[in-house]
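Note sheet for the following structure.
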Amino acid sequence: MAAVGSLAADRAVLSETRGEAAGDIGKMKVDFQDVSEGSVLVEFPDAGQGDANRAAVALAERLTTRRPRGLLDAIPGARALFIVFDPAATDRESLSRRLRRIGEQPASSPPDSRLFRIPVAYGGETGLDLPLLARERGMDPEDLVRRHAAAEYTVAFLGFSPGFAYLTGLPPELASARRDSPRPRVPAGSVAIGGEFTAIYPTESPGGWRLIGRSPARFFDPAANPPALLRPGDRVRFERIDGEELERRLERTSTREKASAAVEGDPLFGTISPGLFTSAQGGPRFGLGASGVPAGGAMDLASLHRGNAILGNPRRAAALEMTLSGPELRVFADALVCVTGADLQARWNGTAVTMEIPFEVKAGDHLVFGHAKSGARAYLCVQGGLVERRPGEPVRRLARGDVVAQ
């Protein structure tokens with residue numbers, strides 16, 4: 001057991017790593033269930049939930065180091081492994097045979113099991129459900145807190161939202177059904193109970209779990225690699241802090257985040273009016289599913305690829321995706337652009353734009369997109385591409401006054 005120090009003061013403390021055997025996958029029954037043309041679910045039907053989860057995490061880990069041809073992502077779940085692959089590069093049968101062989105091979109070394117000590121302030125305004133949960137169980141709130149903090153938890157999988165880790169190991173007497181109706185806003189860092197799991201909300205979001213406290217640690221950072229602090233197989237212990245310490249650490253976190261929120265790229269367009277729903281979208285980005293980050297990307301990949309090909313860009317370069325009605329833009333810098341996809345009756349300085357024909361805009365020019373004459377989504381592609389959001393950042397709809405950067 002080796003101490004490896006801590007992260008930042010406003011994040012959780014990573015206090016040790018420990019190699020642990022992941023179980024013998026090769027002796028388990030393994031089933032493959034087709035989900036789509038490019039995805040399959042790997043199940044362990046004869047294993048209990050704990051063993052099945054450990055097998056899914058271990059197989060995902062092996063696939064990371066022995067990546068088969070065509071594999072795009074391996075995402076552990078509570079008792080299964082979701083595999084995404086490129087059907088143009090491999091087929092389901094070949095991939096299944098390869099997965100079985102990898103599962104039967106012994107791991108080259110035991111995986112690291114990292115232990116995080118996560119600070120939590122229980123109760124108060126950030127633990128709204130704590131008194132009710134304690135009353136329902138016939139115990140004092142302090143007793144519930146002691147039991148929750150005394151347990152050691154394991155990250156089973158991440159999902160629901162980027163960085164949201166489902167933790168097993170909750171004392172059975174603390175398990176609780178989710179709320180009948182979710183709260184529209186749950187603060188980032190909220191510690192909660194949902195069914196047999198406990199978890200920490202990594203970002204502000206809607207949520208229906210029972211809130212018992214809050215942590216000042218940062219559990220998801222789109223600029224980090226990987227962006228999620230926790231990963232499947234990690235162990236977690238909660239350490240109590242008081243409300244004053246929570247506020248001090250939250251203030252430090254907020255100050256650092258504001259200081260790092262610099263605008264990237266060079267301004268290219270200014271938004272006079274945004275249209276119905278306009279956003280910068282590139283191709284899907286696979287490989288972060290285990291951090292709870294979906295591949296995302298443009299809805300009409302063929303149109304995005306066609307526009308990028310016309311301009312000599314990489315296929316997945318980001319462009320402005322416009323849905324049903326488009327924006328009115330002022331051009332800030334010279335650029336070569338083209339429009340693909342739906343016909344939104346685009347006009348450049350009052351002149352109709354010909355679809356899929358590149359044209360050079362100059363600083364001070366005016367671009368206007370109307371309502372869809374045909375199709376649903378159009379793409380304004382730019383030579384060199386646009387600045388794209390980081391993986392896991394929420395899609396941001398263009399608003400009046402926004403700047404689009406290259």
What verdict does the side-chain contact (heavy atoms from CB on, under 4.5 Å) test give for Val339 and Ile357, after you've listed the backbone C-alpha separation in whole Å, the side-chain angles of each residue and the deciding distance to 0.1 Å?
CA-CA 7 Å; Val339 179; Ile357 299 297; over 6 Å; no
Restricting to ring-ring contact (aromatic ring centres under 6.0 Å, His included), what partner residues turn up for [X], sequence neighbours left out?
| X | result |
| --- | --- |
| Tyr201 | Phe164 |
| Phe277 | none |
| Phe238 | His148, Tyr153 |

Within-4.5 Å side-chain heavy-atom neighbours: [X] and [Y]:
| X | Y | answer |
| --- | --- | --- |
| Pro202 | Ser161 | yes |
| Thr323 | Thr278 | no |
| Leu324 | His371 | no |
| Thr340 | Leu380 | no |
| Arg240 | Val145 | yes |
| Arg210 | Arg178 | no |
| Cys338 | Leu311 | yes |
| Val84 | Leu71 | no |

Assess whether a salt bridge exists between [X] and [Y], defined as any Lys/Arg side-chain N lying under 4.0 Å from an Asp/Glu carboxylate O.
| X | Y | result |
| --- | --- | --- |
| Asp129 | Arg183 | yes |
| Arg248 | Glu251 | no |
| Asp300 | Arg377 | no |
| Glu173 | Arg147 | yes |

Walk me through it: do Val155 and Tyr166 pass the test side-chain contact (heavy atoms from CB on, under 4.5 Å)?
CA-CA 6 Å; Val155 179; Tyr166 289 73; over 6 Å; no
Using every non-hydrogen atom in the two residues, find where [X] and [Y] come nearest and quote the distance to one decimal.
| X | Y | result |
| --- | --- | --- |
| Ser215 | Ile118 | OG-CG2, 3.4 Å |
| Pro267 | Ala333 | O-CB, 4.1 Å |
| Pro206 | Phe160 | O-CZ, 3.5 Å |
| Glu388 | Ala318 | CB-CB, 3.8 Å |
| Phe157 | Gly77 | CD2-C, 3.7 Å |
| Leu211 | Ala192 | CD2-CB, 3.9 Å |

Any donor and acceptor pair, going by atom type alone, linking the side chain of [X] with main-chain N or O of [Y] inside 3.5 Å?
| X | Y | result |
| --- | --- | --- |
| Asn308 | Ala317 | yes |
| Thr198 | Gly194 | no |
| Arg231 | Pro226 | no |
| Arg397 | Leu276 | yes |
| Arg114 | Gly233 | no |

[X] side, atom [atom1]; [Y] side, atom [atom2] - distance, nearest 0.5 Å:
| X | Y | atom1 | atom2 | answer |
| --- | --- | --- | --- | --- |
| Leu170 | Thr168 | CG | OG1 | 9.5 Å |
| Arg306 | Met355 | CZ | CE | 8.5 Å |
| Gln33 | Ile83 | CD | CD1 | 14.0 Å |
| Phe85 | Leu72 | CZ | CG | 9.0 Å |
| Glu152 | Leu167 | CD | CG | 11.0 Å |
| Leu344 | Ser325 | CG | OG | 7.5 Å |

All N/O donor-acceptor pairs, side-chain side in residues 399-406, below 3.5 Å, sequence neighbours left out:
residue	atom	partner	partner atom	Å
Arg400	NH1	Ile272	O	2.9
Asp402	OD1	Arg396	NH2	3.4
Asp402	OD2	Arg396	NH1	2.6
Asp402	OD2	Arg396	NH2	3.4
Asp402	OD2	Ala399	N	2.9
Gln406	NE2	Gln383	O	2.6

Quick check on Arg330: does its CZ atom have over 12 non-hydrogen neighbours (other residues, nucleotides or ligands) under 6.0 Å away?
yes
Within the supplied structure, the quantity of interest is the number of heavy atoms (other residues, nucleotides, ligands) at a distance under 6.0 Å from Glu244 CD; does it exceed 12?
no
Side chain to side chain donor-acceptor pair (under 3.5 Å) partners of Arg92, counting only residues at least two apart
Asp34
Name all residues meeting the side chain to side chain contact (heavy atoms under 4.5 Å, CB included) criterion together with Ser94; count only those two or more places apart in sequence or in a different chain, and write none if there are none.
Thr90, Asp91, Arg97
Mind checking side chain to side chain contact (heavy atoms under 4.5 Å, CB included) for Val57 and listing every partner two or more places apart, or none if nothing turns up?
Asn53, Pro76, Pro232
Counterpart residues, salt bridge (Lys or Arg N to Asp or Glu O under 4.0 Å), relative to Arg67 (two or more places apart)
none
Please name all residues satisfying salt bridge (Lys or Arg N to Asp or Glu O under 4.0 Å) with Glu360, sequence neighbours left out, ordered by chain then number.
Lys362
For residues 38-45, which side-chain N or O atoms pair as donor and acceptor with protein atoms under 3.5 Å away, sequence neighbours left out?
residue	atom	partner	partner atom	Å
Ser39	OG	Ser36	N	3.2
Ser39	OG	Ser36	OG	2.6

As a quick check of understanding, evaluate side-chain contact (heavy atoms from CB on, under 4.5 Å) for Gln345 and Asp343, giving each step before the final call.
CA-CA 6 Å; Gln345 306 178 72; Asp343 183 359; 4.1 Å; yes
Among Glu196, Arg54, Arg79, side chain to side chain donor-acceptor pair (under 3.5 Å) partner for Gln49
Glu196
Between Leu63 and Leu81, is the side-chain contact (heavy atoms from CB on, under 4.5 Å) condition met? List the steps.
CA-CA 11 Å; Leu63 291 173; Leu81 180 67; 4.1 Å; yes
Test: ring-ring contact (aromatic ring centres under 6.0 Å, His included). Region: residues 305-348. Which pairs qualify, not counting sequence neighbours?
Trp348-Phe359
May I have the list of side-chain donor-acceptor pairs in residues 282-296 shorter than 3.5 Å, sequence neighbours left out?
residue	atom	partner	partner atom	Å
Arg285	NH1	Arg389	O	3.1
Arg285	NH2	Arg389	O	2.8

